[in-house]
Structure formats: C-alpha cells, structure tokens
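Below, each value reflects all heavy atoms present in this structure, side chains not excepted, and no hydrogens, waters or symmetry copies. Letters go in sequence order (proteins before strands), and every chain restarts at 1.
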Amino acid sequence: MLQVAFIREQKDAVIAGLAKRNIDAEAMVEEVLKLDEERRSTQSSLDTILAESNKLSKEIGMLFKTGKAAEANELKAKTADLKESSKTLTEKLNETADALTALLYQIPNVPHESVVAGKNEEDNEEVFKHGEIPQLGENALPHWELAKKYDIIDFDLGAKISGAGFPVYKGKGARLQRALIAYFLDKNTEAGYQEFQVPHLINEASGYGTGQLPDKEGQMYHVTADDLYLIPTAEVPVTNMFRDTMLNEKDFPICCTGYTPCFRREAGSYGAHVRGLNRLHQFDKVEIVRIEHPERSYEALDGMVEHVKGILEELKLPYRILRLCGGDTGFTSALTYDFEVFSTAQDRWLEISSVSNFETYQANRLKLRYKDENGKSQLAHTLNGSSLALPRVLAGILENYQTADGIEIPEALRPYTGFDKID
RNA sequence: GGAGAAAUGGCAGAGUGGUCGAAUGCGGCAGUCUUGAAAACUGUUGAGGGUCACACCUCCGGGGGUUCGAAUCCCUCUUUCUCCGCCA
C-alpha cells in the first residue's frame, strides 16, 4: 500500500498518477488524509492520558514502597477516570486506524512517470520487437492439435481427474516441460539469482504482504479447513520470505529465483481464446524476484528485462515487449513490462512474462526495510518477473517449431530434453 | 493425533508484579593505540508513532484479560523443542 506520508506530501502527484489508471482518486485521497489527521490527533490525546496514568502508577508504587498505603489508595481512585477515557480513545484509535488501512488497501500503486494513461491492453505501448515470424503455411496447427497429434498433452485426462484447465503432460511433453524448468532455473542462477524451493500454500498474512489479498481474493484457491491459499505465483512465497525484515545497504541486491506450480481460479474465463495451454488453473512458472535499493530499482528492472530477452533470443522465439498503460498495470505495480511470444498457428501474441517494479508498495505492507547510510530505516523496493511461464512458452515452441513431420526442439533445450524432435 | 517444555533487542542469554525498553556477552559502529591491520581499551548501538527539536506514547511470538501498575499472573492462538503414536 501507499505510504500515508507520501500521499500527504505528494497529494496532487498521487491523484494525477492514479488518473492514468482511470481512477478518480481525489475523494479517496481526501478521506485518507482526513482519517490520518484523525488518527494522529486521537493518538495524541490518548498519549496524554496514558502519560498521566503512567505517572500516577509510579507514584502509587512509591507510596506503597514507603508504607503510605492510605495515600496510595487515594490516588488509585483517581485512576478510574483516566482508565475509562483511555479505553474510549483506544477504541476510537483502532477504528480510525482500521478504516485508514482498509482504505489504503483499496488504492493501487501510483504508476511510474513513463507509464501512459490508458484503459486496457489496447493502450499498451510496444517498446521492443525481436525475431522473425516463421512462415508455416496452410497446414500449421495450433498447439492443442499438435499436442493431440503427437500425444504429448492430454487435456481430457486432466479434465477427468481434476477439471478443465488441468492438463496432463505425457512422455516427451512432460520431459520438455521439465527441460524448460531446468533450463530457466539454470539461466537464472547463472545470472546470479539464488534458487529457492518454497511452499505452495501460503497463509493470509503472506497474501496481504504481496497484495493478493484483499483485492484478489477470488483469484486464489482457498483451502478453508486450514485457512491457507494455493499460490497464484511464486512471487508470493518468495517475496514474503522477506516480510518483517531489516536489511543493510550491503545486502542489496537480493536476487531470488524459484520454480513453482501456480494455481489460479480464473473465474469466468471461457471460450476460444483460453483454449489449450492459453489459460490454465494450474501451470508451471519460474520466477525471479529482486529486493533492491530504491535508487537502483529501475536499473534492476532493466536488467531483468534484458535477462528475459536473452532467454527468449536463445530459444529463438519471436517476441515483443509492451510497457503496460495505466489501466492495464497490475494493482501493486508501478511499472510493468509484458513479454509476448508470437504464436504463429494461432496468429496472436501470448503473454509469457510480466516484469514489474513495485517500488515501496509491497515493502510497505511487508515491512521490508533497510538501514540507510544515516542509520534510518527506509522501505526497500521489490521487483519480480517471470522467467518464464511455461505453458505459453511451450505453446510458442510447439507452434513455431512445427514441421510437416514433427516438432523441432530449440538448440538450447536439447541438452535438457535429450532428444531433438517430437514426432 | 496425545503428553510435556519453551518463545525476550542482529545473535546468545538474564530478568516471576513497581524508576525494565530491559543486565551481561558476542556482533555492528565511532574513537584511542598502530606505518597499516589485529589485539587491547573507551564510547555508542532495537523498532514504530509523535514533535521544528524535545517531551511524551507504544512494542519482550500474535490476540484478549486481571491490576493503580505486566516481559513477569490468567485465557487463547501460532511456532519451536523433547517423548509417544502415525506416516512419504
């Protein structure tokens, strides 16, 4: 969430920034400032009462110690009023603070200055494009047909044991998937990211920490018996490792990578555009997460973008990079670049990575701070990106590498698959 | 799942109702000494709110309670450890 002090000092910039998301934030911002004002004045009144009450308690203690019980009891009587008003004020303080927090949870991050105003994906800016789109001719098949033809992914079998959106990978399909995971993890660790294996179920506090809760509650699978959520992305457990953490400047940068399955309910998503691997309830993803010094986070974001570019170029997949417009940028993000691979047989771009800088938005919820050179604690910046989301990369490979008699395996993956063709 | 023990500052570890935000040690930082370093010595060193700055308030795993007063007593939750049971 945004810091109240930031809203107070940069009110106009906050409103102008949120306008790029098509949000008229003026009323919310005014309400935040009002609640904050109220919170502080209530706190101050309460402090005065508590100070008085602490003073009396100490005096009572001294009196008892020196054997003046009568005087002590006299003072005791005086504390009753203080107690009553401190109780009332505490209640009011809690109400105000809760209302303030609840409101702050509803305000998304302020977009970076480079982000353009826009409503939806149509307003995103293409900032980079690379690779030749292969000419496959009339007989090119979409990946779900290829999956059937070569018997490498079985959607019906998954539907039988779980439901739609839970594919079963078979044989060379399963092996290709495993190869991609290993390949991505190796690329990431070579680039200096430390590998982690993290829990796939998270508690409520973690959901709040990275911003999935409360606003995306419906997107996650909720295991009610134990009040845990299935992770929608490794971002959640990985970033939450740093919840309630005080870092030193020399700890930066912190670079993590991890492979996890991801679970998303994707309620209400049906139709042709979600066919095959395009949108799933369970999919695999290798994620990179960075914790950065605020002054270097955009440099880090660029570095992450370059890193993902390197992988896609090694896989020789045609791709483009979009800088998301205000309306399409995720709730918690200040700046997001989406990577899309061109899926030849479907004749459309598929999002395969999303690289974001959250600045202090997550860190504020997470209480993820560091000590600056003056010994003052400051919020760190958090970033993350996919490198990469498996199903659509797989779709891209199947479709772009198909030939009349099989699917070629990209050169870079062959050491991992152990075969160079699916046929 | 059953029985018991525990949770204190970056770490270790005192503290069982009243000048305790918390002894002590280690670590960190600054200084003295040294050509420099180490060692030794001296000082300093938790977080949040609040203030121009002080004052002041809150925090001893989380939440609630008792009390004029709680790190200390009670309830509850979570986590860790030991023993038993079950188990990939």
Side-chain angles (χ1 to χ4, degrees), chain A residues 1-9 32-104 197-209 213 223-229 237 240-252 254 261 291 360 362-380:
Chain A
M1 58 185 161
L2 296 175
Q3 298 169 82
V4 178
F6 175 70
I7 297 178
R8 202 160 52 208
E9 287 155 22
V32 165
L33 296 180
K34 200 192 102 197
L35 286 169
D36 178 50
E37 184 60 45
E38 204 173 310
R39 199 208 85 230
R40 282 185 296 155
S41 83
T42 309
Q43 179 81 65
S44 157
S45 317
L46 177 61
D47 284 356
T48 311
I49 299 217
L50 288 176
E52 180 68 17
S53 155
N54 286 344
K55 212 175 108 199
L56 280 178
S57 289
K58 271 182 188 159
E59 282 175 31
I60 292 170
M62 291 299 272
L63 289 172
F64 272 124
K65 231 176 201 174
T66 52
K68 298 174 182 162
E71 287 178 47
N73 284 320
E74 232 171 85
L75 278 186
K76 264 200 201 182
K78 285 172 71 177
T79 61
D81 281 352
L82 290 174
K83 228 181 160 181
E84 189 54 43
S85 37
S86 84
K87 206 177 154 187
T88 318
L89 281 170
T90 304
E91 275 166 23
K92 190 181 166 201
L93 180 66
N94 289 341
E95 276 170 30
T96 313
D98 289 350
L100 179 59
T101 308
L103 185 57
L104 285 171
Q197 287 202 15
V198 290
H200 300 165
L201 286 160
I202 51 123
N203 58 29
E204 198 178 45
S206 295
Y208 275 94
L213 293 174
V223 181
T224 51
D226 297 286
D227 201 18
L228 295 169
Y229 296 85
N240 271 281
M241 294 196 293
F242 301 95
R243 173 149 47 85
D244 290 318
T245 300
M246 183 67 74
L247 301 166
N248 292 310
E249 291 217 18
K250 61 173 190 277
D251 296 329
F252 295 120
I254 294 175
I291 317 291
T360 59
Q362 290 183 329
N364 192 27
R365 293 191 184 190
L366 291 162
K367 289 205 184 67
L368 167 49
R369 293 163 300 173
Y370 70 96
K371 282 258 206 280
D372 67 15
E373 66 270 21
N374 303 317
K376 269 199 81 180
S377 58
Q378 307 283 355
L379 293 173

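- Taking atom P in both B:U72 and B:U66, one finds a spacing of 15 Å when rounded to whole Å.
- Between A:Lys371 and A:Lys58, the residue anchored nearer the 5' end of RNA chain B, judged by the nucleotide with its closest heavy atom, is A:Lys58.
- Distance CG (A:Leu93) to C1' (B:G50): 12 Å, rounded to an integer number of Å.
- Atom CG in A:Leu75 sits 12.5 Å away from atom CE in A:Met62 (nearest 0.5 Å).
- Atom C1' of nucleotide B:G18 and atom NZ of A:Lys68 are separated by 16 Å, given to the nearest angstrom.
- In this structure, B:A30 and B:U42 make a Watson-Crick or G-U wobble pair, each of the two defining distances being under 3.5 angstrom.
- Where A:Gly61 and A:Leu56 meet RNA chain B, the nucleotide closest to each residue was compared, and A:Gly61 sits on the side nearer the 5' end.
- At whole-Å resolution of the value, CZ in A:Arg243 and C1' in B:G61 are 13 Å apart.
- B:G65 and B:G28 have their C1' atoms separated by 40 Å, given to the nearest Å.
- A:Leu63 CG to A:Lys58 NZ: the interatomic distance, rounded to the nearest 0.5 Å, is 14.5 Å.
- Of all the heavy atoms in A:Arg369 and A:Leu379, the pair that sits closest is CG-CD2, 3.5 Å.
- In this structure, B:A47 forms a base pair with B:U58, meeting either the Watson-Crick or the G-U wobble geometry with both donor-acceptor distances under 3.5 Å.
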request  = Between protein and nucleotides 51-58 of chain B, map the contacts as a letter string: B base, S sugar-phosphate only, - none, heavy atoms under 4.0 Å, written 5' to 3'.
outcome  = S----SSS
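- A heavy atom lying under 4.0 Å from RNA chain B marks the following residues of residues 79-92 of chain A, by number: A:Thr79, A:Lys83.
- With rounding to the nearest 0.5 angstrom, the NZ atom of A:Lys78 is 7.0 Å from the CD atom of A:Glu52.
- Pairing partner, B:A14: none, since no Watson-Crick or wobble contact has both distances short of 3.5 Å.
- Distances shorter than 4.0 Å separate none of the side-chain N or O atoms of A:Arg39 from OP1 or OP2 on B:G49.
- Rounded to a whole angstrom, the distance from the P atom of B:U24 to that of B:A30 is 22 Å.
- Heavy atoms only, all atoms of each residue included: A:Leu368 and A:Phe242 are closest at CD1-O, 3.6 Å.
- With both pairing distances under 3.5 Å, B:G85 is matched to nothing as a Watson-Crick or G-U wobble pair.
- Rounded to whole Å, the distance from CG on A:Asp244 to C1' on B:U79 is 14 Å.
- Look at the C1' atom in both B:A12 and B:A22: the space between them is 16 Å, to the nearest Å.
- Distance CD (A:Gln3) to P (B:G48): 12 Å, rounded to an integer number of Å.
- On the P atoms, B:C59 is 11 Å away from B:G21, given to the nearest whole Å.
- Within 4.0 Å (heavy atoms only), A:Lys367 reaches no atom of the nucleic acid at all.
- Between A:Arg365 and A:Tyr208, the shortest heavy-atom contact is CD-O, 3.0 Å.
- The nucleotide B:G21 finds no pairing partner, because no Watson-Crick or G-U wobble arrangement with both distances shorter than 3.5 Å includes it.
- When the C1' atom is compared between B:U44 and B:G9, the two are found 15 Å apart, to the nearest whole Å.
- A:Leu35 approaches A:Thr96 most closely through the heavy-atom pair O-CG2, 3.4 Å.
- Summarising the geometry, the separation between NZ on A:Lys78 and C1' on B:C68 is reported as 12 Å, rounded to the nearest angstrom.
- When both distances must be under 3.5 Å, the Watson-Crick or G-U wobble mate of B:A70 does not exist.
- Scanning both residues, A:Ile60 and A:Thr79, for their nearest heavy atoms gives CD1-CG2, 4.3 Å.
- Taking atom P on both B:C81 and B:G13, the two are 15 Å apart, rounded to the nearest angstrom.
- Between B:C20 and B:A71, the distance separating the two P atoms is 12 Å to the nearest Å.
- Protein atom CZ of A:Arg8 is 10 Å distant from nucleotide atom P of B:G49, rounded to whole Å.
- With hydrogens and angles left out, the side-chain atoms of A:Ser206 and A:Asn203 include a donor and acceptor closer than 3.5 Å.
- Protein atom CE of A:Met246 is 14 Å distant from nucleotide atom C1' of B:C59, rounded to whole Å.
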message = With side-chain hydrogen bond (donor to acceptor under 3.5 Å, both in side chains) as the criterion, how do A:Thr101 and A:Asp98 come out once you've worked through the C-alpha distance, each side chain's angles and the decisive distance to 0.1 Å?
response = CA-CA 5 Å; A:Thr101 308; A:Asp98 289 350; 5.3 Å; no
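- Scanning both residues, A:Glu204 and A:Tyr229, for their nearest heavy atoms gives CA-CE1, 4.3 Å.
- Partner assigned to B:G9 is none, using Watson-Crick or G-U wobble distances below 3.5 angstrom.
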